[in-house]
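The structure appears right after this line, and notes come after that.
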Amino acid sequence: MAISTGQQNTLQIIATLTSCLSILGSLTIIHSLHRSSALRLPTTLDRLVLTMSVLDVFASFFFSLGELPYTVSSGFCTFQGIGVQVFALSTVLFNSCMAHNLYTWIVKKKDLQSLSSNLRYYLLFSVGLPVLLSIILGANSMFGFASLWCWISAYPTGAGLARFFCFYFFVVLAWIFNLLVFIRVNYSLKRRMRKAKAANLTGNQSVNMDSQNKVTWKMQQYLAVFFVVWFFGLLNRTIQDFSDEDVFWALVLHVLFVPLQGFLNAVVYGGLLETKTIRSWRMYVGWIKKKSNSHASNTYLLDDSAPTSIRPPWSQKPLSQKTPLSLFVSTYNLAEKPTSDISNLSDWLPPGHDVYAIGVQECMTLSTLRSSLSSLLGGPSAYTMFTAEIGSTNTKLGFHGMIAVTIFARKSHCDTGAFYMPTPNTTEIKKGANLVVTNAPNKGAVGVPFVMYDASLCFFTGHFAANSKGRNRLQARLDDSRDTLSKAVVTSDDINFDVHLTCHYTFVFGDLNFRCVSSPENVMGLVSEACGETRDGG
């Protein structure tokens, strides 16, 4: 069936648009990873996604040329054919390499960072094999116009077999391999979660089941995108080779999905729709929509109308009637010792403050400690207690007790609504052993947000990575610090800002394990200097 000039032009427009969309998506991921590398060392997954995005950019570029090289010269057409063969097949093979990386990480339980050395072998396989096949095809003059763009021409004898065994044979193998990896990884995840649940290792089971479902859903996305993208390409080429005709609807599906692989890979592998730029745009669009709804609620901590807030009515005092409020913030690593080993709690908590924020780490008797502290301050009639914690007292599983924050606020302030706790989105930052669907809470931070009159506050206590077996884990501690502020969401919805940018005052305290050998004055001076502020300016 002959393709008309109008249909051919339509196909070229679709190819250009989908290819350009893929290029933009891949470049967005590359830019996002480049920006994040300035804040932290790139992970193995970062490097894999970056490599995939670069390969997608090149493949999409050659697809975007459409039939232009064919109309210019045979040399340009051959150049495009080689580019399509090398980079399109490279993305297919590298996709399976990423599946292999997932398998060795989850099923074989290899340390993710140690797998970074495999990247060179993945690249050698993913690019080397297509280059070798392209040399063979070029030596046999197999490249030429192939309906949509220049690739393995349909005219030489044996072109159909060449197309299959030099390209789509590897696509089918990749489909089978990726499917088997998905089945094996999913089985391993379920078995691991059953063991974690039996040992009460992961805390909130509903949350962790949700995490497992997210991982499974992500893998299903990988499979679906990879299958859909190349299925229609294989379908169209099969129709061409067996009927010696071009079928317009098959060509449309081919040119619609195959060049779109870069964009779809950017979505499922690179989290394109979750980059800060895209999330900010989505948040802005959502804000515009909410503006048209008079009942729409804000997500900031100071919003009294938010449905997650239960704040008694209170009135703002005139400036002349305002009095200073006193906060006491302290932290204690109990080193698994019982509360009775603390000689005198009154020496720890001086009386007379409006709010007490107490952080503890490695606490084995948390309920007893909180009861003792409450009694010392006068009990529930004097102070209202707010709590949050992560961790476990099961030392057989490698835990050393709870990481917990306890807030005591004067009951009079709470009763009037001057002090209240809004409902946050995420305030648990688990940084312990990697359980794939979550991290063990033996290290990390936990926090609680508050509104006190017309000021927002947030208190986080943490237990960060310590040096291990003579290895300095400074970078891990810096990562813990950054994640505490960036991954926690103290508002009811994620508004894409770090904690210290959503609260007037943010307190982070605990056993942070930096162990600075210096005076407090010098440390505070260095911190102030790093923040670009003078010590006098606060």
Side-chain angles (χ1 to χ4, degrees), residues 8 11-23 25-26 51-95 123 126-156 158-172 174 226 229-241 246 250-265:
Q8 188 67 33
L11 293 172
Q12 296 307 307
I13 292 172
I14 296 174
T16 301
L17 290 177
T18 52
S19 298
C20 289
L21 188 61
S22 289
I23 291 173
S26 299
T51 304
M52 171 68 85
S53 298
V54 171
L55 293 175
D56 280 330
V57 167
F58 281 103
S60 300
F61 167 73
F62 285 105
F63 284 134
S64 69
L65 296 176
E67 64 178 3
L68 176 64
Y70 175 67
T71 63
V72 174
S73 67
S74 60
F76 195 9
C77 185
T78 300
F79 173 71
Q80 183 192 30
I82 293 174
V84 169
Q85 173 67 22
V86 170
F87 290 104
L89 184 56
S90 292
T91 61
V92 171
L93 299 178
F94 198 79
N95 192 292
L123 270 176
S126 300
V127 179
L129 180 58
V131 168
L132 177 61
L133 293 173
S134 296
I135 292 174
I136 296 173
L137 291 169
N140 289 276
S141 303
M142 299 293 288
F143 291 114
F145 187 61
S147 299
L148 300 172
W149 41 68
C150 293
W151 181 48
I152 301 174
S153 175
Y155 299 110
L161 291 176
R163 287 178 173 183
F164 180 77
F165 285 104
C166 291
F167 195 97
Y168 284 102
F169 172 72
F170 297 101
V171 171
V172 174
F226 186 54
V229 162
W230 290 109
F231 172 78
F232 294 110
L234 176 59
L235 176 65
N236 178 53
R237 297 305 183 186
T238 302
I239 292 174
Q240 287 179 333
D241 293 335
D246 290 327
L251 289 169
V252 169
L253 292 174
H254 186 171
V255 80
L256 180 63
F257 285 99
V258 170
L260 200 61
Q261 64 167 340
F263 175 78
L264 296 176
N265 282 338

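Basis for what follows: all heavy atoms, side chains included, without hydrogens, waters or symmetry-related copies. Keep in mind that this is a model prediction, so the values were computed, not measured.
Between the SG atom of Cys166 and the CG atom of Leu89 there is a distance of 9.0 Å, given to the nearest 0.5 Å. The CD1 atom of Ile152 lies 8.0 Å from the OG atom of Ser134; values are rounded to the nearest 0.5 Å. Rounding to the nearest 0.5 Å places CZ of Phe226 at 12.5 Å from CG of Leu264. With values rounded to the nearest 0.5 angstrom, Thr238 atom OG1 is found 9.0 Å from Phe231 atom CZ. Residue Leu234 holds its CG atom at 9.5 Å from NE2 of His254, rounded to the nearest 0.5 Å. Put simply, OG on Ser53 and CZ on Phe94 are 9.5 Å apart, with the number rounded to the nearest 0.5 Å.
Looking at Arg163, its side chain never comes within 3.5 Å of a backbone N or O of Arg237 through a donor-acceptor pair. Although no hydrogens or angles enter the test, the distance criterion places a donor-acceptor pair under 3.5 Å between the side chain of Gln12 and the main chain of Glu67. Under a 3.5 Å cut-off, the side chain of Ser19 and the backbone N or O of Thr16 do not form any donor-acceptor pair. With hydrogens and angles disregarded, no donor-acceptor distance shorter than 3.5 Å links the side chain of Ser60 to the backbone of Val57. Remark: the backbone N or O of Leu68 is paired with a side-chain donor or acceptor of Thr71 at under 3.5 angstrom. Between the Gln85 side chain and the Val131 main chain, no donor and acceptor come within less than 3.5 Å of each other. In this structure, Gln80 contributes its side chain and Pro69 its backbone to no donor-acceptor pair below 3.5 Å.
Using a 4.5 Å heavy-atom threshold, the side chains of Phe79 and Phe62 count as touching. Looking at Leu55 and Val127, their side chains come closer than 4.5 Å, going by heavy atoms from C-beta outward. Residues Phe58 and Thr91 are not in side-chain contact: their nearest non-hydrogen atoms beyond the backbone lie 4.5 Å or more apart. In this structure, Leu161 and Phe164 have side chains that are not in contact, with every pair of non-hydrogen atoms separated by 4.5 Å or more.
Between the side chains of Ser22 and Gln261, no donor-acceptor pair of N or O atoms lies under 3.5 Å. Ser147 and Asp246 share a side-chain donor-acceptor pair at under 3.5 Å.
Heavy atoms from other residues, nucleotides or ligands lying under 6.0 Å from CZ of Phe170 number more than 12. Taking a 6.0 Å sphere around CZ of Phe145, one finds it holds more than 12 heavy atoms contributed by other residues, nucleotides or ligands.
For Ala15 against Thr18, the heavy-atom pair with the smallest separation is O-OG1, 3.2 Å. Here the closest non-hydrogen pair linking Ser126 and Ser90 is O-OG, 2.9 Å. Residues Asn265 and Met52 share a closest heavy-atom pair of ND2-SD, 3.8 Å. The two atoms that bring Cys150 and Val84 nearest to each other are O-CG2, 4.0 Å, heavy atoms only. Minimum heavy-atom separation, Val255 to Leu11: CG2-O, 3.5 Å.
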Q: Walk me through it: do Gln240 and Leu251 pass the test side-chain contact (heavy atoms from CB on, under 4.5 Å)?
A: CA-CA 10 Å; Gln240 287 179 333; Leu251 289 169; 3.7 Å; yes

Q.
Is there a side-chain contact (heavy atoms from CB on, under 4.5 Å) between Val258 and Trp230? Walk through the geometry before answering.
A. CA-CA 6 Å; Val258 170; Trp230 290 109; 3.7 Å; yes

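Between Trp151 and Phe167, the ring planes are perpendicular. Angles over 60° get that label, and only those under 30° would be called parallel.
Just one of Phe87, Phe263, Trp149 meets the ring-ring contact (aromatic ring centres under 6.0 Å, His included) condition when paired with Phe63; it is Trp149.
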